[in-house]
Amino acid sequence: DHGFFSSPENQEDDKLFSARSFAKYLPYRAYDPETGIFISKSSLGFTIEAIPLVGSDFTFQKAILSILQEVMEEGSSIQCMLLADHRVGPFLDKWEGARNEAPEIFQEMAKKRCAFYRTSKEVCPRIYRFILSYSSPTKGANKMEFKHLKEIKERILKTLNAVTYAFSWDAETFIRSLDGFVNFQRNPDFQERHWEEMENLSSQLSQGGRIKIREDALEWKNEGNSIYRNYRTVGFPSSWSLSAMQNFIGDFFRESYRINSPFYIHYGIHCPVQEKAENSNWMRMQAIENQGKSGTLMRVIPALAEELREC
């Protein structure tokens, strides 16, 4: 095979090398360390991570509502994700290290417990992470846009820090966190990744392997093959109690209701441009007003003339 023809044995390799890079489908372009703003294909934004609350009350609900009502702007979007991250290695190392000066029996117990959580196939320990990303469309990222988004980021951080611990992602946190999605493996440890400022952000995420599209799932073809499935909500309850929020992640008392694998729950909120909607309502109002001025309606509804004058 000199490149002119492809033998049957090499057809699989031809498919592999003819495939497009996964990085080309990702929108991430660059990161501005001065403002903490990420630059994407057609938008600017930032990412904030917060510790999920256990047993939140209406104070937290009001805080979140204030972000939607007072901080979000027309055309902007907020993406919210609850991530059950299986990469618990750093947490276990810190927990075990805190017992290095304890009596030897406690050191041995901590060592065996951490080894169990790292290797057990019956238990899937996860760290629950809440991740919020805010994005706004841009046509030519200028300093004023960066400054304005930084102010929005600080307002959201201030609101969240009033009820929990929250921090803004930098480029290295972004790469390490998304590495668990793009290069998914069951390894409980974070892969050490570093940000290269002069390279495209998307190109720094993928580390080889393939994603195979199956009829019932996506399959990661890397060191350890993994299956990914996506489920979409088709029905929503008319109301939802804050005390029932834990049911989103399974049932503590019933094993068959537990989610024994890494997972995430995601939802997005978009604030549309209001001008079009306002113009449509104004035109409808004018049409109704003109209809109300007809002589026939005036005779049928005598008070209509007075109401129209008040408008």
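For CZ of Phe263, the number of neighbouring non-hydrogen atoms (other residues, nucleotides, ligands) closer than 6.0 Å is greater than 12. Counting non-hydrogen atoms of neighbouring residues, nucleotides and ligands closer than 6.0 angstrom, the CZ atom of Phe106 reaches no more than 12 such neighbours.
The pair Arg176-Glu172 meets the salt-bridge criterion, with a side-chain N (NZ, NE, NH1 or NH2) lying under 4.0 Å from an Asp/Glu carboxylate O. Arg126 and Asp85 are not joined by a salt bridge, as no carboxylate oxygen comes within less than 4.0 angstrom of a charged side-chain nitrogen.
Side-chain atoms of Phe174 and Leu201, non-hydrogen and from C-beta on, do get closer than 4.5 Å to each other. Side-chain contact between Phe38 and Leu44 is absent, with no heavy atoms from C-beta onward closer than 4.5 Å. Arg129 has its side chain within reach of Glu49: a pair of non-hydrogen atoms, C-beta onward, lies under 4.5 Å apart. Counting heavy atoms from C-beta outward, Phe130 and Ile51 have side chains that stay 4.5 Å or more apart. The side-chain heavy atoms of Leu83 and Ile265, taken from C-beta on, include no pair separated by under 4.5 Å. Put simply, the side chain of Ile131 does not reach to within 4.5 Å of the side chain of Gln79, judged on heavy atoms. Under the 4.5 Å side-chain criterion, counting only non-hydrogen atoms from C-beta, Thr47 is not in contact with Leu132. Under the 4.5 Å side-chain criterion, counting only non-hydrogen atoms from C-beta, Glu73 is in contact with Ile152.
Taking each heavy atom of Val88 and Pro125 in turn, the nearest pair found is CG1-O, 3.7 Å. Heavy atoms only, all atoms of each residue included: Ala50 and Thr164 are closest at CB-CG2, 4.0 Å. The shortest heavy-atom contact between Arg193 and Leu205 is NH1-O, 3.6 Å.
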Please tabulate, for the side chains in residues 27-35, all donor-acceptor contacts under 3.5 angstrom to protein atoms that are two or more places apart in sequence or on a different chain.
{"unit_1": "Arg29", "atom_1": "NH1", "unit_2": "Leu26", "atom_2": "O", "d": "3.2"}
{"unit_1": "Arg29", "atom_1": "NH1", "unit_2": "Pro27", "atom_2": "O", "d": "3.3"}
{"unit_1": "Asp32", "atom_1": "OD2", "unit_2": "Thr35", "atom_2": "N", "d": "3.4"}
{"unit_1": "Asp32", "atom_1": "OD2", "unit_2": "Thr35", "atom_2": "OG1", "d": "2.6"}

Quick one: side chains of residues 97-105, donor-acceptor pairs under 3.5 Å with protein atoms, not counting sequence neighbours, listed by atom name and distance.
{"unit_1": "Arg99", "atom_1": "NH1", "unit_2": "Trp95", "atom_2": "O", "d": "2.7"}
{"unit_1": "Asn100", "atom_1": "ND2", "unit_2": "Gly97", "atom_2": "O", "d": "3.1"}

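Taking OG of Ser135 as the start and CD1 of Ile78 as the end, the distance is 9.0 Å to the nearest 0.5 Å. Between Phe46 atom CZ and Glu154 atom CD the span is 9.5 Å, to the nearest 0.5 Å. Atoms CZ and CE, from Phe181 and Met81 in turn, are 4.5 Å apart once rounded to the nearest 0.5 Å. Cys114 contributes atom SG, which lies 13.0 Å from atom NZ of Lys112 (distance to the nearest 0.5 angstrom). Here the CZ-CG distance, from Phe146 to Leu149, works out to 8.0 Å after rounding to the nearest 0.5 Å. Here the CD1 atom belonging to Ile37 is positioned 9.0 Å from the NZ atom belonging to Lys150, to the nearest 0.5 angstrom.
A donor-acceptor pair under 3.5 Å links the side-chain atoms of Ser66 to the main chain of Ala63, judged by distance alone. Formation of a donor-acceptor pair under 3.5 Å by the Ser120 side chain with backbone atoms of Tyr117 is not found in this model. A donor-acceptor pair under 3.5 Å is absent between the side-chain atoms of Asp179 and the main chain of Ile175, judged by distance alone. The main-chain N or O of Ser76 is found under 3.5 Å from a side-chain atom of His270 such that the two form a donor-acceptor pair.
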TODO: Determine, stepwise, if the pair His194 / Gln204 fulfils side-chain hydrogen bond (donor to acceptor under 3.5 Å, both in side chains).
DONE: CA-CA 9 Å; His194 297 285; Gln204 298 182 55; over 6 Å; no
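With hydrogens and angles left out, the side-chain atoms of Glu145 and Thr138 include a donor and acceptor closer than 3.5 Å.
Through side-chain heavy atoms spaced under 4.5 Å, either directly or across other Ile, Leu, Val, Met, Phe, Trp or Tyr residues, Met144 is tied to no other residue.
Placement of Met109 and Phe116 in two distinct hydrophobic clusters is found when ILVMFWY residues are connected by side-chain heavy-atom separations under 4.5 Å, directly or transitively.
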